[in-house]
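Below is one structure; the comments refer to it alone.
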Amino acid sequence: MDTKIYKEKLEAELKTLEQELQSVGIKDPNNPQDWIAVQPEENISPADENEVADTIDDFENNRAILNDLEIRYNDVKLALEKIEKGTYGMCEINNHPIDEDRLMANPSARTCKEHME
Ligand SMILES: [Zn+2]
């Protein structure tokens with residue numbers, strides 16, 4: 001199987017995801033695999049309760065976005081590792097080859113169509 005085209009797609013996606021992650025979080029210095037959501041940069045005066053509440057909402061929102069990005073980021077990383085190991089394009093459930101049209105649409109797919117969530 002020629003993985004070159006998928007590798008290029010995955011590397012581009014990884015870069016985009018990394019930029020998006022950096023807009024809502026920072027890498028955990030103790031665990032570079034992990035990302036931590038950051039407080040949105042705003043000058044809030046503690047006296048204004050409404051503003052404090054808004055900031056907490058923003059933070060929760062950032063966390064939700066970050067979690068979603070992190071899952072995608074890890075899937076892309078995993079796919080790139082599989083390319084290195086030569087196991088790319090195989091379903092994680094039954095080890096059957098994943099259809100190429102599925103991989104074209106989603107290069108970090110981990111399962112075949114039969115086992116997709
Ligand atoms: Zn399968």
Side-chain angles (χ1 to χ4, degrees):
M1 172 180 195
D2 188 6
T3 54
K4 194 170 172 280
I5 182 151
Y6 302 113
K7 195 175 175 187
E8 280 168 12
K9 277 169 163 276
L10 286 161
E11 278 170 348
E13 202 181 338
L14 197 71
K15 241 178 228 166
T16 309
L17 286 169
E18 209 155 55
Q19 278 166 4
E20 286 177 30
L21 277 163
Q22 273 162 3
S23 69
V24 290
I26 51 160
K27 264 185 192 168
D28 184 342
N30 299 315
N31 180 10
Q33 298 287 81
D34 218 13
W35 289 78
I36 310 168
V38 288
Q39 288 280 6
E41 280 178 44
E42 267 173 75
N43 290 320
I44 48 153
S45 68
D48 190 334
E49 277 178 29
N50 285 333
E51 240 178 277
V52 173
D54 276 356
T55 306
I56 292 166
D57 280 352
D58 281 352
F59 182 59
E60 285 304 312
N61 199 25
N62 265 7
R63 266 234 302 252
I65 296 168
L66 187 97
N67 280 343
D68 186 53
L69 288 170
E70 207 174 13
I71 291 168
R72 283 163 59 201
Y73 182 81
N74 287 334
D75 277 353
V76 171
K77 279 216 115 154
L78 191 74
L80 283 165
E81 279 167 25
K82 286 180 182 173
I83 289 177
E84 295 304 315
K85 286 190 210 149
T87 57
Y88 179 74
M90 306 304 273
C91 172
E92 287 184 6
I93 310 281
N94 61 359
N95 218 26
H96 286 172
I98 302 172
D99 287 339
E100 298 228 4
D101 61 341
R102 174 155 161 73
L103 288 174
M104 276 311 253
N106 177 16
S108 57
R110 297 167 65 168
T111 55
C112 68
K113 273 179 187 152
E114 202 186 319
H115 295 111
M116 66 191 281
E117 282 161 24

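Counting from 1, the numbers follow the sequence of the chain as shown. Just follow the structure's listing: the first ligand is 1, and inside any ligand the first atom is 1. Since this is a predicted model, take the numbers as computed values, not measurements.
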| request: Taking all non-hydrogen atoms of both residues into account, name the closest pair between Ile98 and Arg110 and its distance. | output: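 Closest pair (atom of Ile98, atom of Arg110, distance): CD1-C, 4.0 Å.
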| What N/O/S atom of His115 gets nearest to the Zn ion (ligand 1)? |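 The His115 atom nearest to the Zn ion (ligand 1), restricting to N, O or S, is ND1.
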| field | N, O or S of Thr111 under 2.8 Å from the Zn ion (ligand 1) | value |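 No N, O or S atom of Thr111 is closer than 2.8 Å to the Zn ion (ligand 1), so no.
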| message | Tell me whether the Zn ion (ligand 1) has Cys112 as a neighbour, meaning an N, O or S atom of it below 2.8 Å. | response |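 Yes.
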| message | Does Ile5 have more than 12 heavy atoms from other residues, nucleotides or ligands lying within 6.0 Å of its CD1? | response |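 Counting other residues, nucleotides and ligands, CD1 of Ile5 stays at 12 neighbours or fewer.
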| field | Neighbour count >12 (heavy atoms, 6.0 Å) for atom NZ, Lys7 | value |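 Not more than 12 within 6.0 Å, no.
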| query | Ion pair present between Glu18 and Lys15, side-chain N to carboxylate O less than 4.0 angstrom? | reply |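 Answer for the salt bridge query: no.
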